[in-house]
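Chain letters run A, B, ... following the sequence lines, proteins first and then strands; every chain starts at 1.
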Number of protein chains: 2
Amino acid sequence: MPTPTLAEVARHAGVTPATVSNVLRGRGRVGAVTRERVLDAIAALGYRPHLPARALAEGRAPTIALMVTSIANPFYPEFALAVENALRPAGQFLIICNTAGDPDTGRAYLDQIAGTLSEGVLVMNANLDFDDLRATELRGAPVVLCMWERPLDPPGLPCVAVDFRLAGELAAQHLIGLGHRRIGAIVGSKAHGIHAARHEGFVAAMQAAGLDAGAAPLIYAPDTTQGGYAAAREMLTRRPDLTAIFATNDLPALGAMQAAADLGLEVPRRLSVVGITDIQLARESRPALTSVAVPTVEAAELAVALLRELIEDGGRAAGEAKMCVTSAPHLVVRASTSRAPD
Amino acid sequence: MPTPTLAEVARHAGVTPATVSNVLRGRGRVGAVTRERVLDAIAALGYRPHLPARALAEGRAPTIALMVTSIANPFYPEFALAVENALRPAGQFLIICNTAGDPDTGRAYLDQIAGTLSEGVLVMNANLDFDDLRATELRGAPVVLCMWERPLDPPGLPCVAVDFRLAGELAAQHLIGLGHRRIGAIVGSKAHGIHAARHEGFVAAMQAAGLDAGAAPLIYAPDTTQGGYAAAREMLTRRPDLTAIFATNDLPALGAMQAAADLGLEVPRRLSVVGITDIQLARESRPALTSVAVPTVEAAELAVALLRELIEDGGRAAGEAKMCVTSAPHLVVRASTSRAPD
DNA sequence: CTGAAAGCGCTAACAG
DNA sequence: CTGTTAGCGCTTTCAG
């Protein structure tokens, strides 16, 4: 018999639905013996609350939506796992929305579930229209950007910021400290794109070291292994004198290592490579990738906490666009970097 | 103003809620001009249906649950993406449930959402208790196992089967065809575990070629890169005469390649390595991994289709445990395998 | 401490 | 063709 209703449990226990509800949620005092009888009935019938009904009655929603370009991008699953772990204690569930980088798909998701099925929306770099996000907020479904890249430059939406400029700086300083002078940069997405802050940090560190960052080769490439591969291949062919490559993300950095291998340039003896994020793959590649680690789990937890806060707040703080900043990124040295050859 | 209700739209259009509902879902004939007015009101107010309310009234649920051990395992995201793509046209959403391989966590999920929030459950290898799954079915929430390993040996639950035995055979035949005779096997999970069929196929091919599969070194290892690394390291140290390694999954195969690199054994010149599944990483590793590709997207689509069928059927076919079989796995030769050294 | 009653937003007969 | 009516399963005042 497919799942009994609250009313059936009540009948079985000889009480009214209201009492069962009270027992279930610990509200309104209930006598000890009545409670026992109710609990027995619940156990005997195998009662389980009907989440949509509860959602309707409470005016809340039992899920949170996570918007990503594609869950198949190796960084997102780690983040999604952390989000789900943070959600579970509160009895909420995670809906994955793959936008494929298409703003229309993103908007369709927001229209369908934000505020109805999902109580709030977590946004990873999913190429969404900020106006759509603001509209979503106004309709009463809080939105949090999960990895804003520039703590000093708030986006006008609630967000968790990671100091990616610092990440770029750390990566560059590491290479410079190893004696590298001729360093190429592979920057994910186009100029002024999502990785601009990382590149700024790189440039700043170069300049601080008295190096001419303007003269350093720079290629904007898709934020994928293949993108990094192609970029590095081109760059290293044109500039065989480079001793190091800085990539704004781990996937392109891994691609760059492959390109080096295919060109017969040994990493790290002949060429050092450094990335940003420190995804699982960075640990597992050979040579293992040196990378600036970003606090993924912390960001996920902050994002969920912030979202929850906005939800509790019930929209009073709408428009305030509170920002949390994670702890700082830090360098993880592995085997893909070493002292510059003479 | 946070999302209007159907009733407000109706008032705005000067009709009753029922009419708006009819317009929305194309049921019950509605006059052209009334329809116009209703559509105008919907657009003007920015109406969006409230999914939980609809679910409650229809007695259906707007989501499907996907149970996995951890979405951070590199194979699952590819599958999850395919599932979500298959779900979207029907207006359903995907809830990710990470069980961490813990049957209790899995049961908790099933208890909470199967049949309430989720209309059905898709199960990847998540270490769930089959009794829990059958109980879930009986409560009216169809369950489909997404990657059953043995088409000839039905699990007693609806499933999509992939001929993994054949996959193991193809992998072995490939190595044998290249002249390899001393081949080590790394099998994910323990004896009689989830990868048993793959190993059987391997053994069968060995025997068919007149090789003594019993003498071939065999290590059961965790189904991870690290597991494959450790296993291969041990195996190659003990048996430096091996010329090839067969792994029942790509992650351990990649780990084996790393172990070979660390031991100074060049792949594929000195050691060939083959895996199963053909995940994205297989393409991206260096050398790129030869692997027996499994039809992931097809499996996802079949699983969704089967689940939908069971849902439409409304439980009449409960207990029938229908099985779909995907098209056959096929070998993808890349750079990690070559002729056996003399 | 427990029950009665109203309503969350939507759908689905059934009348008119 | 459109309106009326009655729920879906649960929560939540408000009385008793």
Whole angstrom value for the distance that separates [atom2] of [N] from [atom1] of [X]:
X: A:Glu8; N: D:dC8; atom1: CD; atom2: P; answer: 10 Å
X: A:Leu6; N: D:dT11; atom1: CG; atom2: C1'; answer: 9 Å
X: A:Arg11; N: C:dT2; atom1: CZ; atom2: P; answer: 20 Å
X: B:Leu117; N: D:dC10; atom1: CG; atom2: P; answer: 13 Å
X: B:Arg60; N: D:dG7; atom1: CZ; atom2: P; answer: 22 Å
X: B:Arg139; N: D:dG9; atom1: CZ; atom2: P; answer: 16 Å
X: B:Arg37; N: D:dC1; atom1: CZ; atom2: P; answer: 15 Å
X: B:Asn22; N: D:dT4; atom1: CG; atom2: P; answer: 14 Å

Under-4.0 Å salt bridge between B:Arg37 and B:Asp40 = no
To the side chain of [X], which of [options] is closest?
X: B:Thr34; options: D:dT2, C:dA5, C:dA12; result: D:dT2
X: A:Ala53; options: C:dT2, D:dG9, C:dA12; result: D:dG9
X: B:Leu56; options: C:dC10, C:dG9, D:dC10; result: C:dG9
X: A:Ala18; options: C:dG3, C:dA12, C:dG9; result: C:dG3

Atom pair CD1 (A:Ile96) and CD1 (B:Ile95), whose distance is rounded to the nearest 0.5 Å = 10.5 Å
Have a look at [X] and say if it touches a base, only the backbone sugar-phosphate, or nothing, with a 4.0 Å heavy-atom cut-off.
X: A:Thr5; value: sugar-phosphate
X: B:Val15; value: sugar-phosphate
X: B:Pro52; value: nothing

Side chains of [X] and [Y]: is there a donor and an acceptor less than 3.5 Å apart?
X: A:Asn22; Y: A:Arg25; result: no
X: A:Thr3; Y: A:Arg48; result: yes
X: B:Thr63; Y: B:Gln92; result: no

Please determine whether a side-chain nitrogen or oxygen atom of [X] lies at a distance below 4.0 Å from atom OP1 or OP2 of [N].
X: B:Arg54; N: C:dG9; result: no
X: B:Thr19; N: D:dG3; result: yes
X: B:Arg25; N: C:dA12; result: yes
X: A:Ser21; N: D:dT11; result: yes

Sorted by position of nearest nucleotide on DNA chain D, 5' first, the leading residue of A:Ala7 and B:Val33 is B:Val33
